[in-house]
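Below is one structure, written out as structure tokens; comments come after it.
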Amino acid sequence: MLVTLEGLDGSGKTTVWESLQETYPDAVFTREPTESWYGDAVYRSINADDADPLAELFLYTADHADHLSRVVRPALADGDVVISDRYSDSRYAYQGATLADGEIDDPLDYVRSIHEPFTRRPDLTIYLDIDPETAAERSGGTNKFERAAYLRQVRDNYERLIDADPERFVRIDASQSPEAVATAVREQLAAIL
Ligand SMILES: Nc1ncnc2c1ncn2[C@@H]1O[C@H](COP(=O)(O)OP(=O)(O)O)[C@@H](O)[C@H]1O
Ligand SMILES: Cc1cn([C@H]2C[C@H](O)[C@@H](COP(=O)(O)OP(=O)(O)O)O2)c(=O)[nH]c1=O
């Protein structure tokens, strides 16, 4: 069983992911970007202001391919529950937004199409829903307003993904207290695990 946590920066994914480790001590907890050298390359690119968005897409995707073959698929083959803080949908939503001003017609669809031949679809995706202003505020960042404008595009992309695959997603109101968010997520997981 593969469960993923998705949402804007600051939506509270990592807070939930950490609290779930106490509830499900036998599950495999993982995340993207990963801690491998592919993940290091991704963080290098995140910190480079002049990073080419297409090059960045392929760094994130390389990190995902390695994550799948090294962590996710072996754990699923062993019958483990895998809980990942971010996964493929982050690429569809975020790189769908960073590539929006380039020559690719429908970047979200393009990014999804390059994953389709090799990725593993999550069984359940918990989407922590938060408005872009609160997200930008919570996650800090250099220019709050630029950040909120970008996150608005990312959020629109998440909405497109949910519309396209409604039975996979569960939406949780991430403006609640951390305790209420964690309880809502636990209720969803208890129903399927
Ligand atoms: N439900 C919540 N309400 C208010 N603040 C929160 C909530 N969840 C997380 N935070 C705070 O917001 C910031 C970002 O949370 P984090 O879990 O790192 O989000 P993400 O992993 O989605 O970027 C942290 O300072 C965290 O303490
Ligand atoms: C996994 C992934 C992350 N990202 C972005 C989201 C974040 O801004 C940044 C780092 O991810 P992350 O460390 O999960 O940040 P946060 O905890 O603030 O949500 O990388 C993408 O743009 N594409 C991706 O495929």
Side-chain angles (χ1 to χ4, degrees), residues 2-11 13-14 17 28-77 82-128 132 135-136 139-143 146-165 168-169:
L2 173 60
V3 177
T4 60
L5 295 170
E6 292 284 355
L8 303 182
D9 307 49
S11 58
K13 294 175 307 302
T14 307
W17 181 78
V28 172
F29 284 85
T30 185
R31 55 170 301 145
E32 293 185 9
T34 71
E35 284 172 4
S36 70
W37 68 265
Y38 298 99
D40 293 344
V42 166
Y43 280 115
R44 238 179 109 171
S45 184
I46 290 174
N47 292 321
D49 288 339
D50 60 349
D52 177 80
L54 199 53
E56 195 164 77
L57 162 68
F58 289 108
L59 286 179
Y60 278 114
T61 306
D63 189 37
H64 178 63
D66 173 68
H67 187 213
L68 268 176
S69 63
R70 191 172 44 81
V71 179
V72 177
R73 288 196 191 279
L76 294 175
V82 178
I83 302 182
S84 187
D85 179 358
R86 293 198 184 281
Y87 191 74
S88 303
D89 292 306
S90 284
R91 229 115 42 243
Y92 310 157
Y94 279 79
Q95 276 57 59
T98 52
L99 291 166
D101 298 328
E103 50 283 311
I104 297 167
D105 241 6
D106 182 344
L108 184 155
D109 198 47
Y110 170 69
V111 177
R112 200 165 39 186
S113 74
I114 61 170
H115 281 70
E116 252 154 28
F118 75 97
T119 194
R120 161 61 158 86
R121 182 178 180 269
D123 300 293
L124 172 72
T125 299
I126 308 270
Y127 176 60
L128 298 186
S139 62
T142 40
N143 183 330
E146 258 180 40
R147 196 91 198 109
Y150 170 59
L151 292 177
R152 200 164 301 125
Q153 278 180 276
V154 175
R155 194 192 203 196
D156 289 346
N157 285 343
Y158 272 123
E159 290 299 335
R160 233 182 104 183
L161 294 167
I162 295 167
D163 283 348
D165 199 358
R168 172 163 67 87
F169 283 91

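On a predicted model such as this, the values are computed, not experimentally measured, just so you know.
Here the side chain of Asp66 pairs no donor or acceptor atom with the backbone of Ala62 at under 3.5 angstrom. In terms of modelled atom types and a separation under 3.5 Å, the side chain of Lys13 and the main chain of Ser84 share no donor-acceptor contact.
Take Glu6 and apply the side-chain hydrogen bond (donor to acceptor under 3.5 Å, both in side chains) test, not counting sequence neighbours, and it matches Ser90, Tyr158. In this view, Arg120 and Leu2, Leu68, Arg73, Leu76, Tyr87, Asp123 satisfy the side chain to side chain contact (heavy atoms under 4.5 Å, CB included) rule, not counting sequence neighbours.
With rounding to the nearest 0.5 Å, the separation of CZ in Arg91 from CG in Leu57 is 8.0 Å. If you take CD1 on Ile126 and OG1 on Thr4, they are separated by 8.0 Å, rounding to the nearest 0.5 Å.
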Should Asn157 and Tyr92 be marked as a side chain to side chain contact (heavy atoms under 4.5 Å, CB included) after you check the CA-CA gap, both sets of side-chain angles, and the distance that decides it?
CA-CA 7 Å; Asn157 285 343; Tyr92 310 157; over 6 Å; no
I'd like to know whether Asp85 forms a side chain to side chain contact (heavy atoms under 4.5 Å, CB included) with Phe29, so could you lay out the CA-CA distance, the side-chain angles of the two residues, the decisive distance to 0.1 Å, and finally the verdict.
CA-CA 8 Å; Asp85 179 358; Phe29 284 85; over 6 Å; no
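Note on ring orientation: taking the six-membered ring where Trp is involved, the planes of Phe118 and His115 are parallel (angle under 30°, cut-offs 30° and 60°).
Comment: Asp163 does not engage Arg160 in a salt bridge, judged by the lack of any side-chain N to carboxylate O separation of less than 4.0 angstrom.
Side chains of Asp105 and Tyr110 form no contact here, defined as non-hydrogen atoms less than 4.5 Å apart.
The number of heavy atoms from other shown groups lying within 6.0 Å of CD (Glu35) does not exceed 12.
A side-chain N or O of Asp9 and one of Tyr94 form a donor-acceptor pair less than 3.5 Å apart.
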